[in-house]
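Heads up: the structure comes next, in structure tokens.
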2 protein chains.
Amino acid sequence: MADLERSAAKEKFLNFLEQKNLRITNQRRAIVETVFSTDQHFTAEQLLEWSRKRDSSVSRATVYRTLPLLTESGLVHEMDFGKDYKIYDPNYADHPNHNHIICDDCDKIVEFESERLETLENEISQNLGFTVKSQQLRINASCEDMKKLGACNKKGH
Amino acid sequence: MADLERSAAKEKFLNFLEQKNLRITNQRRAIVETVFSTDQHFTAEQLLEWSRKRDSSVSRATVYRTLPLLTESGLVHEMDFGKDYKIYDPNYADHPNHNHIICDDCDKIVEFESERLETLENEISQNLGFTVKSQQLRINASCEDMKKLGACNKKGH
DNA sequence: TTTGCTAATGAGACTCGATCTCAAGTCACA
DNA sequence: TGTGACTTGAGATCGAGTCTCATTAGCAAA
Ligand SMILES: [Mn+2]
Ligand SMILES: [Mn+2]
Ligand SMILES: [Zn+2]
Ligand SMILES: [Zn+2]
């Protein structure tokens, strides 16, 4: 991801705050800069840890308060992979409709986009009398590496 | 759903327990009978409440211990709709690969099956070098009723 | 049946991600 | 600068789910 797009996402979020009459605080700046300086999927706790490197005053509460703003702005996507914590994806500013396939054996996550999938989803929803607001296709699978070697990077194995 | 299929599911689960050298206790019987006497999606807490009507000695611990057995047997499906609790679906004995569309406004859940979706998922996974183990497509949407009347059954609205 | 082994149980402590409370601090605008 | 609403951090609290451990109860062999 180009640095250009990244700082664009940051700008968009600051504008989003302004539009909602929300204040641009040092803590929010630290959090947003953290979010848009990585391509990685992250947890709330990771975001807290990383943000504190930029501004040690960032608290857990502020991270948890800012995350809903980030998802509401559409720049970050909240995901549920069946763990007991949520995972956040900062790549939605640029790729708003991608999905994920997860290797249950090594926790690898691969992103993919599919026009046909989107079309099919809309078709199904329409037939059922719904208007799609969002969708999440989660595929749990076993990756090639696992099949080949029985290798496993998972903690505790 | 026919009572026939229901008691078949119950039998299947008891056989599953036997195969794994697990004991058929009164509590497990109460839980299983509860699960397969409804078509509704339910939470762990609901299952506890309902099971206790059949056997008041059923404990929360036993419900939470039995649920993984039910899902492992393939007769019940565990789902994540982005809430902080899981939802269980007893309709998988008969319809193993259906998906769900949820109305964000009134919490209505509609099930659907799609051959084309399944095919597409397998195709995508194969291209990425994965072997599908399970999938969950969640579509969040707005249902016809909501569009028409602006009605809203949701608690607190 | 009785016995004996072992799995299974209930009560309640505990975990941990997430939310809430509230007094203190700070941003934005005049 | 002053003002007031917005925002903050610390820590209490919540709630779904897990774990512990003393006790109970399947179940198969005798
Ligand atoms: Mn992604
Ligand atoms: Mn279902
Ligand atoms: Zn893998
Ligand atoms: Zn609705």
DNA chain D nearest-nucleotide lookup for Arg65(B) and Tyr88(B): closer to the 5′ end is Tyr88(B)
Check: His41(A)/Gln46(A) side-chain N/O donor and acceptor closer than 3.5 Å
no
When rounded to whole Å, the CG to P distance for the pair Asp84(B) and dC20(C) reads 11 Å
ask   = Between dA8(C) and Thr62(B), is there an OP1 or OP2 to side-chain N/O distance shorter than 4.0 Å?
value = no
Separation of dA8(C) atom P from Lys20(B) atom NZ, nearest Å, is 10 Å
**OP:** Give a yes-or-no answer on whether the side chains of Arg28(B) and Ser51(B) include a donor-acceptor pair shorter than 3.5 Å.
**Re:** no
Nt span of DNA chain D in reach of chain B heavy atoms at under 4.0 Å, 5' end first, is dA16(D) to dC27(D)
Regarding the side chain of Thr25(B), the nearest nucleotide among dA8(C), dG12(C), dT21(C) is dA8(C)
So, with a heavy-atom separation below 4.0 Å from DNA chain D, the residues of residues 26-34 of chain A are Gln27(A), Arg28(A)
Margin query: I'd like to check Gln135(B) versus Asn140(A) (side-chain heavy atoms, cut-off strictly below 4.5 Å). Are they in contact?
Written below: no
Between CG of Asp55(A) and C1' of dT26(C) the distance, given in whole Å, is 13 Å
Review point. Phosphate oxygens OP1/OP2 of dA18(C): is one of them under 4.0 Å from a side-chain N or O of Tyr64(A)?
Key: yes
Note: for Arg52(A) and Ala44(B) on DNA chain D, the residue whose nearest nucleotide lies more 5' is Arg52(A)
| task | Verify whether one side chain among Asn91(B) and Glu111(B) offers a donor that lies under 3.5 Å from an acceptor in the other. | result | yes
note: Arg60(B), atom CZ; dA13(C), atom P; distance rounded to Å ~ 13 Å
Winner on side-chain proximity to Leu22(B), out of dC20(C), dA11(C), dA7(C), is dA7(C)
Centre-to-centre under 6.0 Å for Phe112(A) and His100(A), is that the case here? no
| Aromatic ring pairing His98(B)/His95(B), orientation class (parallel under 30°, perpendicular over 60°, tilted between) | perpendicular
Here the distance between atom P of dC5(C) and atom CZ of Arg23(B), to the nearest Å, is 13 Å
To the nearest angstrom, the CD1-P distance between Ile24(A) and dC27(C) comes to 11 Å
Here the pair of heavy atoms bringing Leu137(B) nearest to Glu121(A) is CD1-OE2, 3.5 Å
Between Thr34(B) and Arg52(B), do the side chains contain a donor N or O and an acceptor N or O under 3.5 Å apart?
no
The reported gap from CG in Leu48(A) to OG1 in Thr66(A) (rounded to nearest 0.5 angstrom) is 11.0 Å
